[in-house]
Amino acid sequence: MGEFKVHRVRFFNYVPSGIRCVAYNNQSNRLAVSRTDGTVEIYNLSANYFQEKFFPGHESRATEALCWTEGQRLFSAGLNGEIVEYDLQALNVKYAMDAFGGPIWSMTASPSGSQLLVGCEDGSVKLFQITPDKIQFERNFDRQKSRILSLSWHPSGTHIAAGSIDYISVFDVKSGSAIHKMIVDRQYMGVSKRKCIVWGVAFLSDGTVISVDSAGKVQFWDSATGTLVKSHPIANADVLSIAVADQEDSFVVGTAEGTVFHFQLVSVTSNSSEKQWVRTKPFQHHTHDVRTVAHSPTALISGGTDTHLVIRPLMEKVEVKNYDAALRKITFPHRCLISCSKKRQLLLFQFAHHLELWRLGSTVATGKNGDILPLSKNADHLLHLKTKGPENIICSCISSCGSWIAYSTASRFFLYRLNYEHDNISLKRVSKMPAFLRSALQILFSEDSKKLFVASNQGSLHVIQLLEGSFKHLHAFQPQSGTVEAMCLLAVSPDGNWLAASGTSAGVHVYNVKQLKLHCTVPAYNFPVTALAIAPNTNNLVIAHSDQQVFEYSIPDKQYTEWSRAVQKQGFHHLWLQRDTPITHIGFHSKRPMHILLHDAYMFCIIDKSLPLPNDKTLLYNPLPPTSESDVVRRRTAHAFKISKIYKPLLFMELLDEGTLVAVERPLDDIIAQLPPPIKKKKFGT
């Protein structure tokens, strides 16, 4: 594996935004997740739960509701009173429409997916027709006295239930009038609360309405008579969310205490056809409020203030008991927020509304393996670059020489020239950026810092020559066959001759930068690309996919390498394939051409292509053999995968020079310490 000095960085003060709402799409097996800063993420549950797309946040877009409609269309609504549709190809906002009802608290699509219903601050329930291009307002329902906090359609599409403060309304969709008003009891544990907020409602096929409220109760109502059938007090705090399975045989609720409860419809006796709802399982995977839940055919999904997205498979629904049946807890984005200047040993950290530039510390001390060396010079915070406007930063990059910084929001692209004089740093913005560079999804500098590659959300790739304080646009590679597929990942060869780009559909295109033309397209694969890089000297393209497969493709020969074919023939170790976080970065050692360096959130790995691959009977996480063993024994027990799990959670790892690595960690305890305090629960003996 070799010995490295490792800069262990823990001053990237990144805190993910809390999860506000989730929406599961059964047809595509995708999950949309909205965060408190307005960011929307799309997870492909069929592709090892990979975050394949994201839409950057916006300060004014506080999303309160998210839903899928017919034709795989995604909508959100929030406290700015707007309904937003997202373009899932170009990865931007398609349009935003004001509902003219004040802040929107709830939204749901009709069972057919052709209509949209929103609940507003002014007590109005508004019905919109979904047209091929936009949505069109149809009519208002009877206005209520207080805000509409939750909505649910009856599966037949004839009635809706609306949760408000202190009551639940049942509307007839055809007439738009309220036919029942069910008053919610404010009392809980003998104490009368001032208000009872109905945070969630669910309308079942048999006419039952299930409600969850701020008094800690799950209640069952008969919508035909408007009466309470049964009440389940389950928490000493608010029950904030509810989701029902498609078969209506189970549902899940989330509480402000961080607990998720699973309810199931079970027979009263073994021979009886009569069934009743029973609380079967509580799960405590969160420390804070569970703001939202979803119910897929095989799993319970929850998210909340503690920023974790938790996917808990239901063992009775999972057919094969493999690693798909394991609990998943997703905390960090599946994209890189850090870039590195190797020559100046600088790190650029990307936050939602600013960038930070740090110079790494240095040491003159030496030691043996595992020693912690004292710093002779501490890390320096050189620059704090704040964005203007309400939009979040999409992507950023620093050049290898450290003289250029580029970043982009949804509507503006920024390029800066940096000058270093001793310990001082000066910054100059490059003005008059062309209109076609209005927004970028990915930015990358060439190794010699003379070219800049920009992937726009229209599918085009721009090649820009960097001059002293200015630039020149050289070429734009247009998307193939008229498609508008956004390119999310870029890789350039160290010699600057080749550019590889990967889109959301798992395809990888390779361009010849010298001749400014498409060189080849890597054969399509079923799973999306999570990371890619081009090796020095050989110009082999290494591609990692979300199912943990790694391919090596020879760009000059336009085919997979012999090593890659051998790997696919034998197959990866089963423990390698069962890792649940994607590879987010790939690197190479310039003096060791047989080595591939890669990492995910919980391990750093060096693949030595000169050694044999491990089979399933071999230890994958194999500790190094003792030095007392002979060279023959050491060689026999060694295999290609050298894995270190010392650094975690690992957000970034890069080789600075032949013997130096930089590892950026973000411990979960540091994130939790910056969250608001959770609800205090009394424990036995305290």
Side-chain angles (χ1 to χ4, degrees), residues 20-22 64-65 103-108 117 119-121 123 125 144-154 159-171 178 180-204 207-223 225-244 250-263 277-279 282-283 286 288-295 300 302-305 678-679 681:
R20 182 60 196 91
C21 40
V22 298
E64 284 290 323
I104 299 172
W105 291 95
S106 53
M107 178 174 63
T108 181
L117 204 63
C120 304
E121 172 76 20
V125 178
Q144 303 302 297
K145 289 182 180 179
S146 58
R147 63 181 67 140
I148 308 297
L149 292 160
S150 50
L151 288 167
S152 180
W153 287 82
H154 187 274
H159 294 83
I160 63 160
S164 193
I165 298 173
D166 289 335
Y167 62 90
I168 302 164
S169 303
V170 178
F171 292 90
H180 284 298
K181 189 173 181 179
M182 301 176 288
I183 308 298
V184 181
D185 185 11
R186 298 182 185 181
Q187 289 233 343
Y188 177 66
M189 305 284 283
V191 179
S192 180
K193 297 204 171 188
R194 191 173 55 183
K195 288 180 180 177
C196 187
I197 302 167
V198 181
W199 288 117
V201 289
F203 215 146
L204 305 185
T208 302
V209 175
I210 310 172
S211 68
V212 296
D213 57 45
S214 59
K217 300 190 298 292
V218 176
Q219 294 187 313
F220 297 84
W221 305 82
D222 187 338
S223 64
T225 58
T227 54
L228 178 65
V229 177
K230 197 170 184 181
S231 182
H232 284 266
I234 63 167
N236 293 320
D238 297 41
V239 185
L240 297 169
S241 48
I242 180 171
V244 182
S250 74
F251 68 89
V252 58
V253 298
T255 73
E257 296 173 326
T259 311
V260 172
F261 290 99
H262 187 209
F263 284 76
W277 287 103
V278 176
R279 186 178 70 190
F283 304 114
H286 296 274
H288 292 64
D289 300 14
V290 180
R291 300 294 302 272
T292 179
V293 289
H295 199 314
L300 308 179
S302 58
T305 309
I679 290 176
K681 289 187 284 187

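Index from 1, following the sequence. All of these numbers come straight from a predicted model, not from anything done at the bench.
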(request) Decide yes or no for H295 and S250: does some side-chain heavy atom of the first lie under 4.5 Å from some side-chain heavy atom of the second? (result) yes
(message) Quick one, F203 and W153 - any side-chain contact, counting heavy atoms below 4.5 Å?
(response) no
(message) For a quick check under 3.5 Å, do W199 and D238 share a side-chain donor-acceptor pair by atom type?
(response) yes
(message) Restricting to non-hydrogen atoms, name the atom on I148 and the atom on A162 that form the minimum distance, rounded to 0.1 Å.
(response) CG2-CB, 3.9 Å
(message) When you measure from the side chain of T292 to the backbone of C21, do you find a donor-acceptor pair of N or O atoms at a distance under 3.5 Å?
(response) no
(message) For a quick test of reading the model, state the closest non-hydrogen atom pair linking I183 to W221 and the distance between them.
(response) O-CH2, 3.2 Å
(request) Quick one: pull up OG1 in T255 and CD1 in I679 and give me the separation to the nearest 0.5 Å. (result) 7.5 Å
(request) Compare every heavy atom of S302 with every heavy atom of V293, then report the nearest pair and how far apart it is. (result) CG1-CB, 4.0 Å
(request) Mind listing the closest non-hydrogen atom pair of L117 and L151 along with its distance? (result) O-CD1, 3.8 Å
(request) Taking all heavy atoms of A294 and all of V22, pick out the closest pair and write down the distance. (result) CB-CG2, 3.7 Å
(request) Using only heavy-atom distances, determine whether the side chains of S164 and Q144 contain a donor-acceptor pair under 3.5 Å. (result) no
(message) Set out, in order, the CA-CA distance, both residues' side-chain angles and the distance that settles side chain to side chain contact (heavy atoms under 4.5 Å, CB included) for C120 and W105, then state yes or no.
(response) CA-CA 6 Å; C120 304; W105 291 95; over 6 Å; no
(request) Answer yes or no: is there a donor N or O on one side and an acceptor on the other, between the side chain of D213 and the main chain of K217, under 3.5 Å? (result) yes
(request) Measure the spacing between NZ of K230 and OG1 of T208 and express it to the nearest 0.5 Å. (result) 12.0 Å
(message) Are F171 and H180 an aromatic pair, judged by ring center distance below 6.0 Å?
(response) no
(request) To the nearest 0.5 Å, tell me how far K145 NZ sits from S169 OG. (result) 11.0 Å
(message) Just so I know, are the side chains of V260 and V253 near enough to count as touching, which here means a heavy-atom distance under 4.5 Å?
(response) no
(request) Please identify each residue that fulfils side-chain contact (heavy atoms from CB on, under 4.5 Å) with S150, with sequence neighbours left out. (result) V198, V201
(request) Report the C-alpha separation of V239 and I234 in whole Å, then their side-chain angles, then the decisive distance to 0.1 Å, and conclude whether the side chain to side chain contact (heavy atoms under 4.5 Å, CB included) test is met. (result) CA-CA 8 Å; V239 185; I234 63 167; 3.8 Å; yes
(request) Measure the shortest side-chain to side-chain distance between T259 and V290 over non-hydrogen atoms and say whether it is less than 4.5 angstrom. (result) no
(message) Taking V170's backbone N and O only, do any of them form a donor-acceptor pair with K181's side chain (distance below 3.5 Å, no angle check)?
(response) no
(message) Tell me which one of I168, L228, T227, T225 satisfies side chain to side chain contact (heavy atoms under 4.5 Å, CB included) with M182.
(response) I168
(message) Any non-hydrogen side-chain atom of D166 less than 4.5 Å from a side-chain atom of V184?
(response) no
(request) Please examine the side chains of V244 and L204, heavy atoms only from C-beta on, and report whether any two atoms are closer than 4.5 Å. (result) yes
(request) To the nearest 0.5 Å, tell me how far F261 CZ sits from F251 CZ. (result) 11.5 Å
(message) For S231 versus P233, what's the shortest heavy-atom pair and its separation?
(response) O-CD, 3.7 Å
(request) Would you please name every residue forming a side-chain contact (heavy atoms from CB on, under 4.5 Å) with T305, sequence neighbours left out? (result) H288, D289, R291, P676
(message) I need the R279 CZ to H262 NE2 distance, nearest 0.5 Å.
(response) 13.0 Å
(request) Measure the shortest side-chain to side-chain distance between S146 and Y167 over non-hydrogen atoms and say whether it is less than 4.5 angstrom. (result) yes
(request) Give, for atom CZ of F263 and atom CD1 of I242, the distance between the pair rounded to the nearest 0.5 Å. (result) 8.5 Å
(message) So L149 and S106, do their side chains get closer than 4.5 Å, heavy atoms only?
(response) no
